[in-house]
Structure formats: C-alpha cells, structure tokens
K.L.:
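What follows is a structure written as structure tokens; I'll ask about it next.
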Amino acid sequence: MPILEARGLRKTYGSVTAVENISFEVEAGEIFTIIGPNGAGKTTTLEMIEGLIPPDAGTIAIDGLTWAKDAEKIKYRIGIQPQSSAMFELLTVEENLELFATFYPKAKSVGEVLAMINLAEHRNKRVKSLSGGQRQRLAIGLGMINDPDIVFLDEPTTGLDPQARRNIWDIVLNLKALGKTTILTTHYMEEAEKLSDRVCIVDQGKVVTLDTPAALIGRLTREREVRLSFLDGEEAAAAAESAAQSAGSVVRTSREGAHLALWSVQPEDTLYGLFGFTKERGYRVEQVSIREMSLEDVFIAFTGKEWRD
Ligand code: ATP
C-alpha cells in the first residue's frame, strides 16, 4: 500500500485555478519530487496534503488515514518544514528546536536533530544571525523534531548558493537512509534529477508526467545533440557537415565557423562515421561531446514550453 495517495486534487481561488487535477501515489521510503515552474500549483498541492488548506475536490490518504477522521494521528506521522517566519528570530537554534519539541508528546532529542541538520556548532546562534542555508537547515530540523515518517519540504533550496544547496541534498539523502519518505518541491531540474526516486512534473495545476528520472529521460526520442569543433577551421566543419547530412541517422545540423552541432538518432554511429571521414581527409577534431538529455528536455518535450528556473 502506498504511504500517500492523492486523488483528483483541486483548488481554486476565485477565478484562479491553483490546482486543477492532481493525482499521485508515494511509496514508503521514496524521495518523491514535485517539480514545476512558478505558479504550477506545487505549494497548494503540498498544503492540501499537509492538511493546511482543504481541497475543493479530491481525496488524500496518508498511510490509509484521512484528515477528516484521523487528523491527530496524521499530525504525528508527518513533518512539515515551517516557513522561515515561523521561527523565533531572537531565540537560538537550540531554543527553537526545544520549543518546537514541546508541541508534540513524543519528540526526537535536540542533539540528534542538530547533528542531522549539521548545525551542532551553531546551536547557540540566534536565528536572526543565521545564513540562508543555515536557516533552511534549521527549518528542516524543526520539521523533523517529531520524528515523522513522512517529511514535506517545500522548495528547501530556493535562493541558496550551490554549496548550501548541496548541504541540503545531503540532509535529504540522509533522511532516505533513515527510511523516511520525503516529499519535496523544487524548481531546480538538476536537483530533482539528482535526488528523486520519482519525479512528478506539474504545470498549470496538472500532472504532466510522473516516473523515475531515468525512465522519463528514456522516454524521450533517441535524438541527441552531438558537437564537434575542428582545429582546421570552417572548411573542415563545412565538409563534415555535408558528410553528416548524408548519414541517415542525422536529423538536422547547424554550424558556426569551426563548430558543428548535429542531432542524430544514433549518435555513437554518427560519430564513428564522422571520425572515419575526418581521418580520411586529415582534418583534426579539437573537441567532441554528446549532450546528455535531462529532465529539462522532458519538460520541454511534454509541455512544448521552454524551462526557466
Ligand atoms: P512557486 O514555485 O512560485 O512557489 P507553486 O508551483 O508553488 O509556485 P502555488 O503557490 O501553488 O504554485 O500557486 C499556484 C497558483 O495559485 C498561482 O497562480 C498562485 O498565484 C495562485 N494562488 C496560490 N495561493 C493563492 C491564494 N491564497 N489566493 C489566490 N491565489 C493563490
């Protein structure tokens, strides 16, 4: 049985449809990521599941429990990373954790949480003097204080620098190692690809597609971009372009000076063919790459829209 089932969720605010129709299931122990552009409905979806706002339609079951019947039980099973504004700025990191611990009959030890979020050495710092990344780590710790089975993290890395983001990734991966289920939202595709067991791409309040990152990328056409640049300049690149165009697997080409890009449904074969050609002509290749497909390409393929984070 999935640990979370969301069916047909819908939420409107006046004439704005924040969530039109969202359904998914999450298995215990997964890192499940909801990704989508600004305004796609990620936060609204999470807030409905967390019991913070009622859906206009649809059902939510958390390990078989429902908000209508089992709200108290659910509260002890889930952990919500609070908004920064919910923290007490003048209290220290440790005091915030101690205070949040009093909200629950059973809580994890503050020391254990400090170690998990890597803030032990800053335990006596006041919240107001924490960096953005430290604040986010504390927020995750506050969400973990009741030792929940399911943790909800809403855009925990937005606005953080790459190192601070990686620190958060380590915490999320550690939660998984502890057997927790994590439901994450982000608008960083790279993050979703690196962390998630499964990704649910949402756009305009609807699920665009849902699967493991590898399966989503695998569903894309086999057409891949191959790039070559030539030490012998434009002439070599132009000759290679003509040769590539006569190869059946090459769909299109584009060239700028000595740089050639081509899109092939069999990129490896195309490269072997091109190397044969350049060797025969004595052209020297300076750089070669085959661009990996990413979740960004999945989004573009499914929505027909450019991805901007
Ligand atoms: P972001 O990445 O920017 O946080 P999101 O995917 O989390 O976006 P939501 O915050 O769920 O998106 O918002 C979805 C849509 O619903 C947006 O158009 C938003 O303006 C609107 N919306 C959300 N909450 C409210 C509200 N309380 N009142 C009116 N409109 C709302």
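The chain is numbered in sequence order, starting from 1.
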K.L.:
Any chance you could measure Gln81, atom CD, to Leu138, atom CG, to the nearest 0.5 Å?
P.N.:
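Result: 10.0 Å between the selected atoms.
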K.L.:
Do side-chain atoms of Trp67 reach the backbone of Ile49 as a donor and acceptor pair under 3.5 angstrom?
P.N.:
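At least one qualifying donor-acceptor pair exists.
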K.L.:
Is there a side-chain contact between Lys75 and Glu72 in this structure, where contact means two heavy atoms from C-beta onward sitting under 4.5 Å apart?
P.N.:
yes
K.L.:
Going by the side-chain contact (heavy atoms from CB on, under 4.5 Å) test, name the single residue among Asp63, Ile60, Thr181 that passes it with Leu4.
P.N.:
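Filter result, single survivor: Ile60.
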K.L.:
Minimum heavy-atom separation for Ala237 to Gly257, with atom names?
P.N.:
CB-O, 3.5 Å
K.L.:
So, is the end of the Lys279 side chain (NZ or CZ) under 6.0 Å from the ring centre of Phe275 and within 45° of the ring's axis?
P.N.:
no
K.L.:
If you compare all heavy atoms of Leu274 against all heavy atoms of Ala240, which two are closest, and at what distance to 0.1 Å?
P.N.:
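Looking at all heavy atoms of both residues, the closest pair is CD2-O, 3.6 Å.
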K.L.:
Which atoms form the tightest heavy-atom contact between Pro267 and Ile290, and what is the distance?
P.N.:
CB-CD1, 4.0 Å
K.L.:
Is Ser246 reaching over with its side chain to a backbone N or O of Ala243, donor-acceptor style, under 3.5 angstrom?
P.N.:
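Here the side-chain-to-backbone pair exists.
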K.L.:
Can you find a pair of side-chain heavy atoms, one from Ile217 and one from Val298, that are under 4.5 Å apart?
P.N.:
yes
K.L.:
Could you check whether any side-chain heavy atom of Val93 comes within less than 4.5 Å of a side-chain heavy atom of Leu114, counting everything from C-beta outward?
P.N.:
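Yes, their side chains come closer than 4.5 Å.
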K.L.:
Check the surroundings of atom CZ in Arg219: do more than 12 heavy atoms from other residues, nucleotides or ligands lie under 6.0 Å from it?
P.N.:
yes
K.L.:
Are Ile35 and Val19 connected in the hydrophobic side-chain network, where two residues link if heavy atoms are under 4.5 Å apart?
P.N.:
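No, because Ile35 and Val19 fall into different hydrophobic clusters, even though each may have its own neighbours under 4.5 Å.
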K.L.:
If you measure from OG on Ser131 to CZ on Arg137, what distance do you get to the nearest 0.5 Å?
P.N.:
6.5 Å
K.L.:
Quick one: pull up CD1 in Ile53 and CG in Leu46 and give me the separation to the nearest 0.5 Å.
P.N.:
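Going from the CD1 atom of Ile53 to the CG atom of Leu46 covers 10.0 Å.
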K.L.:
Quick one: list whatever passes ring pair (Phe, Tyr, Trp, His ring centres under 6.0 Å) with Phe32, sequence neighbours left out.
P.N.:
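Applying ring pair (Phe, Tyr, Trp, His ring centres under 6.0 Å) to Phe32 gives Phe24.
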K.L.:
Distance-only, no hydrogens or angles: does the Thr157 side chain make a donor-acceptor pair with backbone N or O of Leu160 under 3.5 Å?
P.N.:
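No.
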K.L.:
Hey, mind stepping through Lys194 and Trp169 against side-chain contact (heavy atoms from CB on, under 4.5 Å) and telling me if it holds?
P.N.:
CA-CA 9 Å; Lys194 284 228 161 71; Trp169 296 357; 3.6 Å; yes
K.L.:
So that I can tick it off, tell me whether Asp70 and Arg77 are bridged by a salt bridge, with the cut-off set at under 4.0 angstrom between side-chain N and carboxylate O.
P.N.:
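No salt bridge links Arg77 with Asp70.
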K.L.:
What's the shortest heavy-atom distance between Ser249 and Gln266, and which atoms?
P.N.:
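Shortest heavy-atom contact: CB-OE1, 3.7 Å.
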K.L.:
Answer yes if Val172 and Ile117 sit in the same cluster of Ile, Leu, Val, Met, Phe, Trp and Tyr residues linked by side chain heavy atoms under 4.5 Å apart, and no otherwise.
P.N.:
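Yes, same cluster.
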K.L.:
Does OH in Tyr272 sit with more than 12 non-hydrogen atoms of other residues, nucleotides or ligands closer than 6.0 Å?
P.N.:
no
K.L.:
Between the side chains of Arg135 and Glu89, is the shortest nitrogen-to-carboxylate-oxygen separation below 4.0 Å, so that they form an ion pair?
P.N.:
yes
K.L.:
Return a table of donor-acceptor pairs under 3.5 angstrom between the side chains of residues 228-236 and protein atoms on other chains or two or more places apart.
P.N.:
from, atom 1, to, atom 2, distance (Å)
Asp232, OD1, Arg284, NE, 3.4
Asp232, OD1, Arg284, NH2, 2.8
Asp232, OD2, Arg284, N, 2.5
Glu235, OE2, Tyr283, OH, 3.3

K.L.:
Below 4.5 Å, heavy atoms only, C-beta onward: do Glu241 and Leu262 meet side chain to side chain?
P.N.:
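When only atoms from C-beta onward are counted, Leu262 and Glu241 do not touch, as no gap falls below 4.5 Å.
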K.L.:
For Lys180, check salt bridge (Lys or Arg N to Asp or Glu O under 4.0 Å) against everything at least two apart and list the hits.
P.N.:
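So Lys180 forms a salt bridge (Lys or Arg N to Asp or Glu O under 4.0 Å) with Asp147.
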K.L.:
Given 3.5 Å as the limit, does a donor-acceptor pair link the side chain of Arg224 with the main chain of Glu292, or not?
P.N.:
no
K.L.:
Has the side chain of Asn146 got a donor or acceptor atom that lies under 3.5 Å from a matching backbone atom of Ile78?
P.N.:
yes
K.L.:
Between Lys42 and Glu155, does at least one N-O distance fall below 4.0 Å, as a salt bridge requires?
P.N.:
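A salt bridge is present here (some side-chain N lies under 4.0 Å from a carboxylate O).
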K.L.:
With heavy-atom distances below 4.5 Å as the criterion, would you say the side chains of Val202 and Thr45 are in contact?
P.N.:
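They are not in contact (no side-chain heavy atoms under 4.5 Å apart), so the answer is no.
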K.L.:
Look at the side chain of Asp170 and the backbone N and O of Asn167, then say whether any donor-acceptor pair between them is shorter than 3.5 Å.
P.N.:
no
K.L.:
With clusters defined by side-chain heavy atoms of hydrophobic residues (ILVMFWY) lying less than 4.5 Å apart, directly or transitively, does Ile74 cluster with Met144?
P.N.:
no
K.L.:
Determine, stepwise, if the pair Thr185 / Asp154 fulfils side-chain hydrogen bond (donor to acceptor under 3.5 Å, both in side chains).
P.N.:
CA-CA 5 Å; Thr185 71; Asp154 193 7; 2.4 Å; yes
K.L.:
Starting at CD1 of Ile145, measure out to CD of Glu112 and round the result to the nearest 0.5 Å.
P.N.:
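Going from CD1 on Ile145 over to CD on Glu112, the span is 9.5 Å.
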K.L.:
Give a yes or no on whether Ile168 and Leu142 share a hydrophobic cluster (residues Ile, Leu, Val, Met, Phe, Trp, Tyr; joining criterion: side-chain heavy atoms under 4.5 Å apart).
P.N.:
yes
K.L.:
What closest approach, in Å, do Ser23 and Gly8 show between heavy atoms, and which atom pair accounts for it?
P.N.:
OG-N, 2.8 Å
K.L.:
What about Phe100 and Phe103, are their ring centers closer than 6.0 Å?
P.N.:
yes
K.L.:
Do Lys176 and Thr182 have side chains that get closer than 4.5 Å, going by heavy atoms?
P.N.:
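The answer is no; the side chains never approach within 4.5 Å.
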K.L.:
Distance from Lys11 atom NZ to Met48 atom CE, nearest 0.5 Å?
P.N.:
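The CE atom of Met48 is 7.5 Å from NZ of Lys11, to the nearest 0.5 Å.
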K.L.:
Working note: Leu295 + Leu216, criterion side-chain contact (heavy atoms from CB on, under 4.5 Å); need CA distance, chi angles, decisive distance, verdict.
P.N.:
CA-CA 7 Å; Leu295 281 182; Leu216 289 175; 3.9 Å; yes
K.L.:
Can you list the steps and then say if Glu30 with Arg198 is a side-chain contact (heavy atoms from CB on, under 4.5 Å)?
P.N.:
CA-CA 8 Å; Glu30 272 193 305; Arg198 288 188 308 143; 2.6 Å; yes
K.L.:
Going from CG on Leu52 to OG1 on Thr44, what distance comes out if it is rounded to the nearest 0.5 angstrom?
P.N.:
11.0 Å
K.L.:
Within the supplied structure, the quantity of interest is the number of heavy atoms (other residues, nucleotides, ligands) at a distance under 6.0 Å from Arg126 CZ; does it exceed 12?
P.N.:
no
K.L.:
Any link between Phe152 and Leu65 through a network of hydrophobic side chains (Ile, Leu, Val, Met, Phe, Trp, Tyr) touching at under 4.5 Å?
P.N.:
yes
K.L.:
Decide yes or no on side-chain contact (heavy atoms from CB on, under 4.5 Å) for Val113 and Leu119, but give the supporting numbers first.
P.N.:
CA-CA 9 Å; Val113 175; Leu119 279 182; over 6 Å; no
K.L.:
Between Asp56 and Thr12, is there a donor-acceptor pair closer than 3.5 Å when you use the side chain of the first and the backbone of the second?
P.N.:
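Such a contact is found between Asp56 side chain and Thr12 backbone.
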K.L.:
Mark yes or no for whether Asn21, through its side chain, and Lys206, through its backbone, hold a donor-acceptor pair below 3.5 Å.
P.N.:
no
K.L.:
What's the shortest heavy-atom distance between Met189 and Phe299, and which atoms?
P.N.:
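In terms of heavy atoms, the two residues are closest at CE-CB, 3.5 Å.
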K.L.:
Do other residues, nucleotides or ligands put more than 12 heavy atoms under 6.0 Å from Lys305 NZ?
P.N.:
yes
